[in-house]
Amino acid sequence: MPDFKDVKLLGFDVFGTVVDWRGSVARHVEKFFSSQGIAIEPYKFATDWRSLYQPAMERVRTGERSWVPLDVLNLENLKVTLAYSGVDATRFTAQSLDNLNKAWERLDPWPDSVAAIDRLKRRFAVGPISNGHVAGMLWLSKYASSRWDVILGAETAKNYKPRPEVYFRSAESAGLSVEETAMVAAHNDDLEAARGCGMKTFFVLRSTEHGPDQTTDLVADDECDIAVKDLAELADVLGC
């Protein structure tokens with residue numbers, strides 16, 4: 001096992017890798033709709049809402065749309081998901097929709113995340129390289145007790161992963177080269193893009209991110225530098 005002595009920063013994917021977006025969003029959705037007397041299957045709604053995430057970002061990646069932060073895309077996608085679900089978004093106040101949209105800032109960490117990130121901080125600088133915007137990552141970190149050293153990612157580059165400028169500019173903003181940075185993620189496509197930019201890549205298994213019948217990202221690509229079952233094992237492997 002390499003000692004990764006040149007790595008100074010661990011950049012984390014957050015949604016799915018550090019926090020459980022599906023279970024958390026479903027919980028907030030269920031509470032919101034119950035208070036409105038509306039019957040909706042919360043896990044399906046959470047999944048449908050999330051399914052619009054990549055298409056919305058792709059319009060920014062391709063230049064079809066100018067940069068907007070993720071909370072703007074999430075709110076637009078919420079209104080579309082309501083329509084898909086047969087619910088008229090105009091029955092809600094703008095404030096109540098904004099509050100539901102902030103579910104993405106109130107996501108529970110996976111059971112191993114908080115303690116493992118604290119351990120990894122003993123050796124490395126740690127921070128998100130996420131598609132989340134800075135304000136969203138700030139308030140999510142407070143909620144989920146993720147004690148980051150820095151917040152990097154999409155807003156740093158004014159574009160979305162897996163565009164290469166997100167990885168390059170994140171490392172640059174930390175005063176580092178990509179070779180001094182490792183990407184930590186539960187998603188092989190994220191890791192493949194980071195590796196293509198010169199980063200080390202550490203795969204973390206999150207086998208129920210998309211629910212009990214998940215079929216994607218159950219094994220790491222062969223080219224990953226490290227593959228572990230959770231962040232606690234990553235801390236073990238890296239000697240933290």
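One-based numbering along the sequence shown. Side-chain atoms are counted along with the backbone in the values below, which use heavy atoms only and exclude waters and symmetry mates.
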Does any non-hydrogen side-chain atom of Asn188 lie less than 4.5 Å from one of Phe203?
yes

Run Asp225 and Lys200 through salt bridge (Lys or Arg N to Asp or Glu O under 4.0 Å) and show every step you take.
CA-CA 6 Å; Asp225 295 288; Lys200 300 293 188 295; 6.0 Å; no

Strictly distance-based, threshold 3.5 Å: is any side-chain N or O of Thr181 a donor or acceptor partner for the main-chain N or O of Ser177?
yes

For the CD atom on Glu165, are there more than 12 heavy atoms of other groups (residues, nucleotides or ligands in this structure) within a distance under 6.0 Å?
yes

Can Glu155 and Trp67 be counted as having a side-chain donor-acceptor contact under 3.5 angstrom?
no

Can you get from Phe4 to Ile117 by hopping between Ile, Leu, Val, Met, Phe, Trp and Tyr side chains that sit under 4.5 Å apart?
yes

Pairwise side-chain contact, Phe12 with Val204, heavy-atom cut-off 4.5 Å (strictly under)
no

Do Arg22 and Gln214 pair up side chain to side chain, a donor and an acceptor below 3.5 Å, judged on atom types alone?
no

Treating Ser141 as the side-chain partner and Leu138 as the backbone partner, does any N or O pair qualify as donor plus acceptor under 3.5 Å?
yes

For the side chain of Glu172 and the backbone of Phe168, is there at least one donor-acceptor N/O pair under 3.5 Å apart?
no

Check whether any side-chain heavy atom of Asp190 lies under 4.5 Å from a side-chain heavy atom of Met183, and answer yes or no.
yes

For the residue pair His210 and His187, does the interplanar ring angle fall in the parallel (under 30°), tilted (30 to 60°) or perpendicular (over 60°) class?
tilted

Would you say that more than 12 heavy atoms from the other residues, nucleotides or ligands in this model lie under 6.0 Å from the CH2 of Trp139, or not?
no

State yes or no: do Leu140 and Val18 share one hydrophobic cluster built from I, L, V, M, F, W and Y residues joined by side-chain heavy-atom distances below 4.5 Å, directly or via other members?
yes

Counting N and O atoms only, with roles assigned by atom type, does the side chain of Asp221 sit under 3.5 Å from a partner on the main chain of Glu223, one being a donor and the other an acceptor?
no

Counting only N and O atoms by type, is there a donor-acceptor contact under 3.5 Å from the side chain of Thr17 to the main-chain atoms of Ala186?
yes

Could you check whether any side-chain heavy atom of Gln54 comes within less than 4.5 Å of a side-chain heavy atom of Arg61, counting everything from C-beta outward?
yes

Would you confirm whether Ser96, through its side chain, and Phe92, through its main-chain N or O, come within 3.5 Å as a donor-acceptor pair?
no

Determine the minimum heavy-atom distance between Ile151 and Thr156, stating which atoms define it.
O-OG1, 4.4 Å

Ring centroid separation for Trp104 and Trp49, is it under 6.0 angstrom?
yes

Could you tell me whether Arg147 and Asp118 have a side-chain N and a carboxylate O separated by less than 4.0 Å?
yes

Should the pair Arg27-Asp108 be classified as a salt bridge under the 4.0 Å nitrogen-to-oxygen rule?
yes

Under 4.5 Å between any side-chain heavy atoms of Leu97 and Leu75, yes or no?
yes

When you look at Asn101 and Asn74, which way does the side chain to side chain donor-acceptor pair (under 3.5 Å) test go after all the steps?
CA-CA 7 Å; Asn101 195 41; Asn74 281 340; 4.7 Å; no

State plainly whether one hydrophobic cluster holds both Val14 and Leu152, where clusters connect Ile, Leu, Val, Met, Phe, Trp and Tyr through side-chain heavy atoms under 4.5 angstrom apart.
no

For atom NZ of Lys158, decide whether the heavy atoms of other residues, nucleotides or ligands shown that lie under 6.0 angstrom number more than 12.
yes

Does a side-chain heavy-atom distance below 4.5 Å link Leu234 with Val184?
yes

Taking the side chain as everything from C-beta on, heavy atoms only, tell me whether Phe32 gets closer than 4.5 Å to Phe45.
no

State, yes or no, whether a side-chain contact exists between Thr216 and Glu209 at a heavy-atom distance under 4.5 Å.
no

Please check if the side chain of Ser130 supplies one atom and the backbone of Gly132 the other of a donor-acceptor pair under 3.5 Å.
yes

Taking only Lys NZ, Arg NE, NH1 and NH2, and the carboxylate oxygens of Asp or Glu, determine whether Arg206 and Asp20 approach each other closer than 4.0 Å.
no

Counting only heavy atoms not in Lys79, do more than 12 fall under 6.0 Å of its NZ?
no

Please walk me through it: do Lys161 and Asp13 pass salt bridge (Lys or Arg N to Asp or Glu O under 4.0 Å)?
CA-CA 10 Å; Lys161 296 187 298 180; Asp13 172 72; 3.3 Å; yes

Non-hydrogen atoms of Ala193 and Tyr167 that approach each other most closely:
CB-OH, 3.5 Å

Where do His133 and Glu105 come nearest, in terms of heavy atoms and distance?
NE2-OE2, 4.2 Å

Membership question, hydrophobic clusters at under 4.5 Å side-chain separation (ILVMFWY): are Val150 and Leu176 in the same one?
yes

Got a salt bridge between Arg65 and Glu76, using NZ or NE/NH1/NH2 to carboxylate O under 4.0 Å?
yes

Could you see if Trp110 belongs to whatever hydrophobic cluster contains Tyr43? Use Ile, Leu, Val, Met, Phe, Trp, Tyr and a side-chain cutoff under 4.5 Å.
no

Whether the side chain of Thr208 engages the backbone of Gly211 through a donor-acceptor N/O pair (distance < 3.5 Å, no angle test) should be reported.
no

Does a donor on one side chain and an acceptor on the other come within less than 3.5 Å for Ser173 and Ser170?
no

Any side-chain donor paired with an acceptor under 3.5 Å for Thr201 and Arg195?
yes

Between Tyr53 and Leu73, is there a donor-acceptor pair closer than 3.5 Å when you use the side chain of the first and the backbone of the second?
no

Does any N or O in the side chain of Arg119 come within less than 3.5 Å of the main-chain N or O of Cys240, such that one atom is a donor and the other an acceptor?
yes

